[in-house]
Amino acid sequence: MGYCVPARKPKRIVILTGAGISAESGVDTFRDKDGIWSKVDFREVATPEGFARNPAKVQDFYNMRRRGLAGIQPNAAHFALARLEREFDGSLLLVTQNIDNLHERAGSAKLIHMHGELARGLCTACELRCDWPGDMSAASQCPKCGSVGHLRPDVVWFGEMPYQMDRIDAALRDCDLFMSIGTSGNVYPAAGFVEDARLACAHTVELNLEPSEGRNRFAEAIHGPATRVVPGFVERLLSTG
Ligand code: BV8
């Protein structure tokens, strides 16, 4: 990495979000003390092996989370990122690890769900990916190939390749500002994005309730609840003349 000339005003932003940005909307995080992985073993519900062993258990796990989508709303942090996308005169890409639909409901469009989406289904017989707002089970029928029992939640499980990694890598290689919001930095390849951004001489900022696993890989960190620190940082960005 040659000598990095800090960009005064960013022109190309990449933003990574995790469960922490949806916490204040009532969505459980994974690793906090009463997080999802403290209640269920991720090997049983978020791996292809777990699905093969007990598909009904996995379907119930995602049906429960999918039903929860109806009762939640985007919060001030989601809306602040949608505002940044509207008002920022440079390029911006929002990459989320979250499978909830709060970013798009807040108005974000330049969005990649790198770990998939809760309200979508994937047919393992014909590869169809489709909207699936309701419950899913072994009796569910694929709307395209008609086969029964081959539908699974369209989410990326451990050991599976995240979605659109080529677009994400290209944006990281070219960005001059990388923001990481509400993620603990435990899961790869997402936890390694800060390194890719630093290699591109980008300014790197962590916005999180507390220091994450990767805290010391960021040039700057602002700690506090997302609904407070994200709107504040967006205001700072948009007011930098
Ligand atoms: C892959 C979807 C090959 C399902 C998820 C290198 C080293 C070691 C291991 C690996 C490695 N490379 C790959 C691995 C294996 C594995 C991995 O990383 N394992 C970990 C456990 C060590 N990775 C994979 O298997 C990935 N696939 O690598 O394929 C490959 C390799 C290279 C390039 C391409 C392909 C696939 C992983 C995806 C798994 N699916 N989710 C579902 O949701 O059910 S992961 C899931 O957990 C989330 O999506 C997220 O990605 C991850 C971490 O969760 P976070 O979002 O960070 O949430 P967490 O609870 O941990 O933290 C919340 C944070 O918010 C905390 O810091 C907290 O302080 C903060 N917070 C809380 N409240 C607030 C707040 N912040 C602000 N405001 C608040 N109010």
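Whatever order the structure lists them in is the order used to number ligands and atoms, beginning at 1.
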In terms of its nearest heavy atom to atom 4 (C) of ligand 1, the top option of Trp37, Phe158, Tyr188, Tyr62 is Tyr62
Ranked by distance from atom 61 (O) of ligand 1, the top protein heavy atom is Ser184 OG, 2.6 Å
Output yes when a protein non-hydrogen atom is found under 4.0 Å of atom 20 (C) of ligand 1, and no otherwise. yes
Practice prompt. Say whether, by atom type as modelled, one donor and one acceptor occur between the side chain of Arg198 and the main chain of Arg217 under 3.5 angstrom.
Written response: yes
Is there a side-chain contact (heavy atoms from CB on, under 4.5 Å) between His78 and His103 once you walk through the steps?
CA-CA 6 Å; His78 297 104; His103 278 305; 3.8 Å; yes
min-distance protein heavy atom vs atom 53 (C) of ligand 1 -> Arg31 NH1, 3.3 Å
Could an N or O of ligand 1 be found under 3.5 Å from any N or O of Trp157, whether backbone or side chain? no
Protein non-hydrogen atom below 4.0 angstrom of atom 6 (C) of ligand 1 present
yes
#### Entry: Heavy-atom protein neighbour under 4.0 angstrom from atom 64 (C) of ligand 1
yes
Worksheet item: Taking Thr204 for the side chain and Ala219 for the main chain, is one N or O donor matched with an acceptor at less than 3.5 Å?
Response: yes
Distance col, row Asn63:CG vs Leu118:CG, nearest 0.5 angstrom, shows 9.0 Å
| query | For the side chain of Glu195 and the backbone of Gly192, is there at least one donor-acceptor N/O pair under 3.5 Å apart? | reply | no
Please state whether Phe42 comes within less than 4.0 angstrom of ligand 1, counting heavy atoms only.
no
Subject >> Sub-4.0 Å heavy-atom contact, Pro162 with ligand 1 >> reply: yes
Polar side-chain atom of Arg120 near backbone of Asp154 as donor-acceptor pair, under 3.5 Å:
no
Q) Taking both backbone and side-chain atoms of Val156, is any N or O found less than 3.5 Å from an N or O belonging to ligand 1? A) yes
**Report entry** Side chain Asp28, main chain Ile36, donor-acceptor under 3.5 Å
**Finding:** no
Near Gly18 (heavy-atom distance under 4.0 Å), the atoms of ligand 1 are 56 (O)
The atoms of ligand 1 lying under 4.0 Å from a heavy atom of Ala19, numbered in the order shown, are 55 (P), 56 (O), 58 (O)
Handout entry: Side-chain donor or acceptor of Glu24 paired with backbone N/O of Asn75 under 3.5 Å
Key = no
So salt bridge (charged side-chain N to carboxylate O under 4.0 Å, His left out) across residues 66-77, not counting sequence neighbours, yields Arg67-Asp135
Whether Asp176 side chain and Ala202 backbone form a donor-acceptor pair below 3.5 Å = no
Here the atoms of ligand 1 under 4.0 Å from any heavy atom belonging to Ala226 are 77 (C), 78 (N), 79 (C)
Min over Arg228, His115, His223, Glu160 of heavy-atom distance to atom 41 (N) of ligand 1 lands on His115
Contact region, Glu24 to ligand 1, non-hydrogen atoms below 4.0 Å, reads side chain
4.0 Å heavy-atom contact, Gly159 with ligand 1:
yes
Contacts satisfying side-chain hydrogen bond (donor to acceptor under 3.5 Å, both in side chains) that involve residues 107-119 (not counting sequence neighbours) are Glu104-His113
A student checking ligand 1 against Gly182 at a 4.0 Å heavy-atom cut-off should list atoms 63 (C), 64 (C), 65 (O), 76 (N)
**OP:** Without swapping roles, check the side chain of Ser25 against the backbone of Val27 for a donor-acceptor pair under 3.5 Å.
**Re:** no
With no hydrogens and no angle check, just 3.5 Å: does a side-chain donor-acceptor pair link Ser22 and Asp100?
yes
protein heavy-atom neighbour closest to atom 76 (N) of ligand 1 works out as Leu209 N, 3.1 Å
I'd like to know whether ligand 1 has Arg65 as a neighbour, heavy-atom separation below 4.0 Å. yes
heavy-atom search around atom 79 (C) of ligand 1 in the protein gives Gly20 O, 3.4 Å
| Going by an N to O cut-off under 4.0 Å, is there a salt bridge joining Arg83 and Glu235? | yes
Closest to atom 52 (C) of ligand 1 among protein heavy atoms sits Val187 CG2, 3.5 Å
Ligand 1 to Asn186, heavy atom cutoff 4.0 Å, flagged ligand atoms 20 (C), 22 (C)
Closest to atom 32 (C) of ligand 1 (heavy atoms only, candidates Ser212, Gly35, Gly214, Pro189) is Pro189
closest protein heavy atom to atom 35 (C) of ligand 1 is Met161 SD, 3.1 Å
protein heavy-atom neighbour closest to atom 67 (O) of ligand 1 works out as Asn208 ND2, 2.9 Å
Inset, instruction - Verify, without hydrogens or angle tests, whether Glu85 (side chain) and Ala109 (backbone) share a donor-acceptor contact under 3.5 angstrom. - result: yes
Any heavy-atom pair between the side chains of Met114 and Gln97 that's under 4.5 Å? yes
Task: Under 3.5 Å: donor-acceptor pair, side chain of Asn208, backbone of Gly182 - done: yes
Sub-4.0 Å heavy-atom approach of Pro225 to ligand 1: yes
The atoms of ligand 1 lying under 4.0 Å from a heavy atom of Glu210, numbered in the order shown, are 68 (C), 69 (O)
The closest protein heavy-atom partner of atom 50 (C) of ligand 1 is Gln97 OE1, 3.3 Å
**Q.** Heavy-atom protein neighbour under 4.0 angstrom from atom 26 (C) of ligand 1
**A.** yes
Ile99 heavy atoms within 4.0 Å reach ligand 1 at atoms 42 (C), 43 (O)
